[in-house]
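Computed over heavy atoms, backbone and side chain alike; hydrogens, waters and symmetry mates excluded.
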There are 2 protein chains.
Amino acid sequence: MGRPRSYSREAVVEKAMGVFWQNGYKATSISDVVRETGLNTASMYKEFGDKEGLFSAALDHYRDHVIGPRYRILIDNPNLEGVEMFLRNVFLGAAKSEYKGCLMMNHLAQKHVISPEAAEQVGAFCAEVESLVEAALRNAQADGDIGPDKDTAQLASFLVFCVHGTVLYGRHDEKKHVIPNFYDMIMREIRE
Amino acid sequence: MGRPRSYSREAVVEKAMGVFWQNGYKATSISDVVRETGLNTASMYKEFGDKEGLFSAALDHYRDHVIGPRYRILIDNPNLEGVEMFLRNVFLGAAKSEYKGCLMMNHLAQKHVISPEAAEQVGAFCAEVESLVEAALRNAQADGDIGPDKDTAQLASFLVFCVHGTVLYGRHDEKKHVIPNFYDMIMREIRE
DNA sequence: TTTATTTTAAAATAAATGTTTTAAAACTAA
DNA sequence: TTAGTTTTAAAACATTTATTTTAAAATAAA
């Protein structure tokens, strides 16, 4: 009963996420989001509580619907080939001219500007990616695709470290074209 | 003639830089800077023009007085040992509990939030570091410390890429302790 | 001492920010 | 039809923001 809502929560979150991704949390105003989504502030606050709640919902949406498919590669291929495809995919994304980085990692440099809850979402996301990579590398080791003496946890950390590097280095429009060249270096370091 | 100024420009810039480093450009208000420096807004605006001018001065100060000494290692030791010391130094900085990243690279994810001039300062700084590393690696190659078939420009890019990775990955308080382990991996990739 | 000049402290401004309130609109159940 | 409920549109709110103005304070030269 009551007046029916004129919006879809998911559509609103999707657009809000886009604004946060583009501008970052602090440089995004509620007005920006209202303008982009067409939703009024009252409904916005009723649905999400406050700006932090909206950002938190945007982070969840990003994990579940935007970046999820990208690291699904690691779930579907929990082995060396999966890791290779994953890294190629990350590099491919960074090559685009409109590259915006990663909504999560973009906010690492402003960890204390976002809410503690959001900061934890970011941390948990990165940890999750790392553990997926590690699982794949453990299998790769069992497959004999990487040396038996290799520390898979450390290799996984290094790979995610390089993803972080991509997120930042990929912002140099004039330099990012070299990133794909790092693929062989990184994979060699993992294999041998 | 006229009333003598009660502040030292350099001291003001130094403190302002600290606030920008801690909070980032967008999350730093002039009030924050005024509170920290003790300088009044009128003198602030007379000296720096506007917030962007102040930030620009802070970036210059960072380059010339804070981070300069760190990559002076590369000037004083333009060879493989210099590159090794430089990287160890970067990793050492990230190990600190109060690690704040790099004032320049911290703002790469918000390149369009800062002024075009500031964005250029950031880009120029990173390019400068990279060219210093490359010069050192070219010498290292001449010294026979790295393979004659190695692409020194690409290796320099990779090293700076890893510095970018450090700046972001170093924000994971629970994970950053693994970063020093990457030293051997990266240097091996450069050497062999 | 006066005048000119510059900095300072403090107040003022205008716009933007995050958030809340008010009242009208759109629906359901009685 | 009415009463009850929820969403909406619009305005209102208090705070913060970047910036400017005003007037007092501190100096040097005339």
Undergrad: Between C1' on C:dA10 and CG on B:Leu39, what's the gap in Å once rounded to a whole number?
TA: 14 Å
Undergrad: Just compare C:dT7, D:dT8, C:dT19 and give me whichever is closest to any side-chain atom of B:Arg5.
TA: C:dT7
Undergrad: Counting side-chain heavy atoms from C-beta on, which of D:dA9, D:dA18, C:dA9 comes nearest to B:Asn40?
TA: C:dA9
Undergrad: Heavy-atom nearest nucleotide on DNA chain D for B:Arg3 versus A:Tyr7: which residue maps closer to 5'?
TA: A:Tyr7
Undergrad: Does the side chain of A:Ser6 get closer than 4.0 angstrom to OP1 or OP2 of D:dT8 through an N or O atom?
TA: yes
Undergrad: Toward the 5' end of DNA chain C, which comes first, B:Ala42 or A:Gly49, by nearest nucleotide?
TA: B:Ala42
Undergrad: Please give, in whole Å, the distance from C:dT19 P to A:Phe55 CZ?
TA: 14 Å
Undergrad: Linking Ile, Leu, Val, Met, Phe, Trp and Tyr through side-chain heavy atoms less than 4.5 Å apart, which residues share a cluster with B:Met85?
TA: B:Ile73
Undergrad: With a 4.0 Å cutoff (strictly under), does any side-chain N or O of A:Thr41 reach OP1 or OP2 of C:dT19?
TA: no
Undergrad: Please report the distance, rounded to the nearest Å, between NZ in B:Lys51 and C1' in D:dT17.
TA: 8 Å
Undergrad: May I have the distance from B:Phe48 (atom CZ) to D:dA18 (atom C1'), rounded to whole angstrom?
TA: 16 Å
Undergrad: Would the distance check show the side chain of B:Ser56 and the main-chain N or O of B:Glu52 forming a donor-acceptor pair, the cut-off being under 3.5 Å?
TA: no
Undergrad: Once hydrogens and angles are ignored, does a donor-acceptor distance under 3.5 Å link the base of C:dT17 to the side chain of A:Ser31?
TA: no
Undergrad: Using the ring of each side chain (for Trp, its six-membered ring), is A:Phe55 parallel, tilted or perpendicular to A:Tyr25, with breaks at 30° and 60°?
TA: tilted
Undergrad: How do A:Gly2 and B:Tyr45 order along DNA chain D: which one's closest nucleotide is nearer the 5' end?
TA: A:Gly2
Undergrad: Could you check B:Tyr62 against B:His65 for ring pair (Phe, Tyr, Trp, His ring centres under 6.0 Å), going step by step and ending with a plain yes or no?
TA: CA-CA 6 Å; B:Tyr62 178 81; B:His65 297 94; over 10 Å; no
Undergrad: Output the rounded distance in Å from CG (A:Leu54) to P (C:dT19).
TA: 10 Å
Undergrad: Relative to the ring of B:Phe158, is the ring of B:Phe161 parallel (under 30°), tilted (30 to 60°) or perpendicular (over 60°)?
TA: parallel
Undergrad: If I take atom CE in residue B:Met44 and atom P in nucleotide C:dT8, what distance separates them, rounded to the nearest angstrom?
TA: 11 Å
Undergrad: To the nearest 10°, give me the bend of the helix from C:dT1-D:dA30 to C:dA30-D:dT1, comparing the axes of its five terminal pairs at either end.
TA: 10°
Undergrad: Assigning hydrophobic clusters by single linkage (Ile, Leu, Val, Met, Phe, Trp, Tyr; side-chain heavy-atom cutoff under 4.5 Å), is B:Val167 placed with B:Tyr183?
TA: yes
Undergrad: When you measure from the side chain of B:Lys150 to the backbone of B:Leu155, do you find a donor-acceptor pair of N or O atoms at a distance under 3.5 Å?
TA: no
Undergrad: Rounded to whole Å, how long is the line connecting atom NZ of A:Lys26 with atom C1' of C:dA16?
TA: 12 Å
Undergrad: Would you find a donor on one side and an acceptor on the other, under 3.5 Å apart, between the side chain of B:Lys51 and the backbone of B:Tyr45?
TA: no
Undergrad: Give the nucleotide from the list C:dA10, C:dC27, D:dA18 with an atom nearest to the side chain of A:Pro4.
TA: C:dC27
Undergrad: In whole Å, I'd like the distance from the CG atom of A:Asp50 to the P atom of D:dA14.
TA: 20 Å
Undergrad: Reckon B:Lys46 has a side-chain N or O less than 4.0 Å from the OP1 or OP2 of C:dT7?
TA: yes
Undergrad: Which nucleotide in the set C:dA10, D:dA18, D:dA26 lies at the smallest distance from any side-chain heavy atom of B:Ser29?
TA: D:dA18
